[in-house]
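Every value quoted in this text rests on a predicted model; they were computed, and no experiment measured them. Chain letters run A, B, ... following the sequence lines, proteins first, then strands; residues in each count from 1.
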There are 2 protein chains.
Amino acid sequence: MSDDTEDKARAATIFDVARLAGVSHQTVSRVVNELPNVRPATRQRVEHAIQQLRYRPSPAARALVTRRSRTIGLITSGGADFGPSSISLSFNRAAREARYAVSIASIVEHDPTSMRSALELLVRQNVEAIVLIAARTSMIDEAQSIEVGVPLVATASADRSGLHTVSIDHYSGARLAVRHLIELGHREIRHLSGPADSIDAAERVRGWRDELAAHRLRVVEPAVGDWTPSSGYRFGLELAADIARDASASVTGSAPATSPTGPTARSGASALDRATGVFSGNDQMALGLVHAITSAGLTAPRDLSIVGFDDIPEAEHFLPPLTTLRQDFTGFGRDLMSTVLAVLGDTDASDPAPRVPELVVRASTARPRA
Amino acid sequence: MSDDTEDKARAATIFDVARLAGVSHQTVSRVVNELPNVRPATRQRVEHAIQQLRYRPSPAARALVTRRSRTIGLITSGGADFGPSSISLSFNRAAREARYAVSIASIVEHDPTSMRSALELLVRQNVEAIVLIAARTSMIDEAQSIEVGVPLVATASADRSGLHTVSIDHYSGARLAVRHLIELGHREIRHLSGPADSIDAAERVRGWRDELAAHRLRVVEPAVGDWTPSSGYRFGLELAADIARDASASVTGSAPATSPTGPTARSGASALDRATGVFSGNDQMALGLVHAITSAGLTAPRDLSIVGFDDIPEAEHFLPPLTTLRQDFTGFGRDLMSTVLAVLGDTDASDPAPRVPELVVRASTARPRA
DNA sequence: ACGATCTGTACCAGATGCGAC
DNA sequence: AGTCGCATCTGGTACAGATCG
């Protein structure tokens, strides 16, 4: 009807509300911020006026005076992979529930200048904290060197000064993976790890190594991939070649010169003992690995048992369905937000305990052939 | 040295700069905003003071007075899937290059209240435009019903009033997929589509249907999945059962009562003509499909040729490696940002032409068995 | 005199129109 | 005409002070 209700020229301000309710503007402020000492009757009047004018406080004005933006910066360097994406999504939801906005800056991996510009963009925006997802050590180093002036929360296992971390227990997950293989009867268990400077990858390597050591099994240096299926494929090709050479060697009965003992020797394992199990740093590399050995005429799990990590939605339908470790990405995203809240002093919750991935046994693992 | 350089109490303001440079604060403003009518000498002095004080203009103050936040809202409803994630990432980078911040709100699908709250959060933040990714018609309806007051840009093919859209040419992509199958010699080509209210899915269905019609091939109503591998698996199970029943029928020579003509009849195809090709709405469903038919003792592409859509990084390493349509998600993300810029009047570029997906032929398709 | 309730004014950190040199 | 400064405005919050029962 009137030009008050359908005012599209400008959004209603706190003064408009005050005028309509017949109070002063900071009484409105008190109502909006739920401060005490406002009579119920006036509160009602103000609230009614707010409804009528569809008043929304301006975050800019608020941020200007409070010096708090109620937004947190999110830097992701993990590409479009399922893990980082899920975490971002979940974190984002948790942030919204806590009435925080989140401003993102995705950067390309291995690019320090990209990290620098992302950081600067976020601090310019006055974010109250910055969270780093899919962090590599180099990225964390870079971020810490910049002196942003706001708390940094990173997805990392390693504690550092001036950095808050929250993590999944990749170490225990890796041990679970290897133990599963060992319980199945495997003795030669290789590892295809993620990139060298990935903290998660390093933790997985450590778990694999420790579990092997706990069972006095031989540790062959892990192959290093880059999380992509293609890197798994390349490793699979090498592995298949090894296995084939090994098999032909045992058929001809002539062991290679490098190995005095025959490849079938059980204990005092020779360098050529045939791998029967592989723990892959993630599901994607496991996929490439299966592809490679299949192309080479081998089959999983008959010739090689494979366990992945992550349990991406596709893993259940790989051929064969992949045994893997399920990570609770959603819970992790929430954990991230709750530590941010703690760091900001909004809550006094202690750091959440790292979540332990859950072993999901499917069809890519079996007892080794006798 | 002095407490000027290492001032951690408060960031420098425009007044601090003005004092140090010996000018008034809005001369500083002029310099910062690169306005004319400033003598080079004073400009130098001011710039030097800016450097020295590490002055950064406050976005809050600036937003307050200009009513422009230089922030774009991004709503994603596509989960952690590769497509939506890639688009978000790429869009984000493009936005940063254009010196815009992006504030995200990921929502759960099929939840109108979630969409509403996301929208409100973003408008509260004074975003200048809102981008919708992985939009379903219901979500777009919901978004449009809310009257946000800022331009809406959605990833959709359908043009609507008050909505700017940018899209990939799913229609042409689907025709390419089907044509590939036809050229291979397939005549019975089924489609497993995405969810009914997905705009992309509908476009893919349309392309499939039209290409079939153009070759006067029979159109069997598409099965409807939900993009997940599991839905592909379920469809695959049904399909495999059909094929098995069909095969046994042709062996016993007794066609089911519903079909007077034999299943081997070429033209006037009976309802039971065996499907030899499937066009899957995305790669994940194709994966589940392959899994299902493999469990049923069939193999791709021997018994069934399958083509996917998206070309996710895993597709190359599926067993068999998947023939699919590659979408340029990265380019699409940039296109999104450039239409946002156009809508905002920052540039006068016209709407980018929809990108046509590229057929990538791998090993999941072959000639049908005679 | 006093606590609850409400108001006036001074900021926050910039942008902008107008006037002065 | 080209440079520059003054005053005013943006939309809130915070604190001191005023009014009232």
Side-chain angles (χ1 to χ4, degrees), chain A residues 7 9-47 49-50 53-71 99 101 123-128 149, chain B residues 7 9-47 49-50 53-71 99 101 123-128 149:
Chain A
D7 184 13
R10 210 181 59 227
T13 74
I14 199 172
F15 297 95
D16 300 329
V17 175
R19 200 180 319 118
L20 186 70
V23 296
S24 78
H25 71 279
Q26 71 296 45
T27 299
V28 178
S29 177
R30 301 181 139 264
V31 171
V32 170
N33 295 343
E34 292 171 347
L35 295 175
N37 295 349
V38 176
R39 213 181 321 170
T42 44
R43 165 156 301 173
Q44 286 252 328
R45 286 218 315 284
V46 171
E47 272 165 356
I50 287 175
L53 268 55
R54 287 209 187 84
Y55 166 71
R56 301 283 168 220
S58 150
R62 202 174 243 176
L64 180 59
V65 63
T66 61
R67 301 161 183 290
R68 300 204 53 187
S69 60
R70 276 204 91 77
T71 79
R99 315 205 323 116
V123 300
R124 256 191 190 67
Q125 285 182 68
N126 255 306
V127 297
E128 298 184 23
Chain B
D7 184 15
R10 211 181 58 226
T13 75
I14 200 172
F15 298 95
D16 302 328
V17 176
R19 199 179 319 119
L20 186 71
V23 296
S24 77
H25 71 278
Q26 73 292 46
T27 298
V28 177
S29 178
R30 290 224 164 96
V31 172
V32 170
N33 296 343
E34 291 171 348
L35 295 175
N37 295 348
V38 177
R39 212 183 318 169
T42 43
R43 174 171 305 250
Q44 286 252 327
R45 286 217 317 283
V46 171
E47 272 165 357
I50 287 175
L53 267 53
R54 285 208 190 85
Y55 165 72
R56 301 280 168 224
S58 150
R62 198 172 248 178
L64 179 59
V65 62
T66 60
R67 301 162 184 289
R68 299 204 54 189
S69 59
R70 281 204 85 81
T71 302
R99 315 206 325 116
V123 299
R124 257 190 187 67
Q125 286 181 66
N126 255 307
V127 297
E128 298 183 25

Quiz item: CG of A:L53 versus C1' of D:dG11: gap in Å, rounded?
Solution: 15 Å
Exercise. Using atom CD of B:Q44 as one end and atom P of D:dT3 as the other, report the distance to the nearest whole Å.
Key: 15 Å
Quiz item: Could you give the CG-to-C1' distance, from B:L35 to C:dG17, as a whole number of Å?
Solution: 13 Å
Quiz prompt | Euclidean distance, atom CZ of residue A:R62 to atom C1' of D:dT10 [Å, nearest integer] | solution = 16 Å
Quiz item: So, for A:R45 and A:G22, which heavy atoms are closest and what is the spacing to 0.1 Å?
Solution: NH2-O, 4.0 Å
Exercise. Remember a base hit wins even if backbone is also touched, and classify A:R56 as base, sugar-phosphate or nothing at under 4.0 Å, heavy atoms.
Key: sugar-phosphate
Practice problem: Measure across A:R30 and A:V38 and return the closest heavy-atom pair with its distance rounded to 0.1 Å. | Solution: CB-CG2, 3.8 Å
Quiz item: In whole angstrom, what separates B:R19's CZ from D:dG5's C1'?
Solution: 16 Å
Exercise. To the nearest Å, give me how far apart CG (B:N33) and P (C:dG17) are.
Key: 12 Å
Exercise. Find out whether A:V32 and A:I50 are in side-chain contact, i.e. whether some heavy atom of one side chain is under 4.5 Å from a heavy atom of the other.
Key: yes
Quiz item: Looking only at side-chain N and O atoms, does B:S29 come under 4.0 Å of OP1 or OP2 in C:dA15?
Solution: yes
Quiz item: Taking atom P of D:dT10 as reference, at what distance in whole Å does atom CG of A:D16 sit?
Solution: 10 Å
Quiz item: Where is the tightest heavy-atom contact between A:S69 and A:V127, given as atom of each residue plus distance?
Solution: OG-CA, 3.7 Å
Quiz prompt | Nucleotide D:dC6, atom P - distance to CZ of B:F15 in whole Å | solution = 12 Å
Quiz item: At their closest point, which heavy atom of B:I14 faces which heavy atom of B:V28, and how far apart are they?
Solution: CG1-CG1, 3.5 Å
Quiz item: What does nucleotides 1-9 of chain C look like as a protein-contact string, B for base, S for sugar-phosphate only, - for none, at under 4.0 angstrom between heavy atoms?
Solution: ---SBSBBB
Quiz item: Have A:N126 and B:R56 got a donor and an acceptor in their side chains that come within less than 3.5 Å?
Solution: no
Practice problem: Looking only at side-chain atoms of A:I14, point me to the closest of D:dG12, C:dG14, D:dT10. | Solution: D:dG12
Exercise. Taking all heavy atoms of B:T42 and all of B:R39, pick out the closest pair and write down the distance.
Key: OG1-O, 2.6 Å
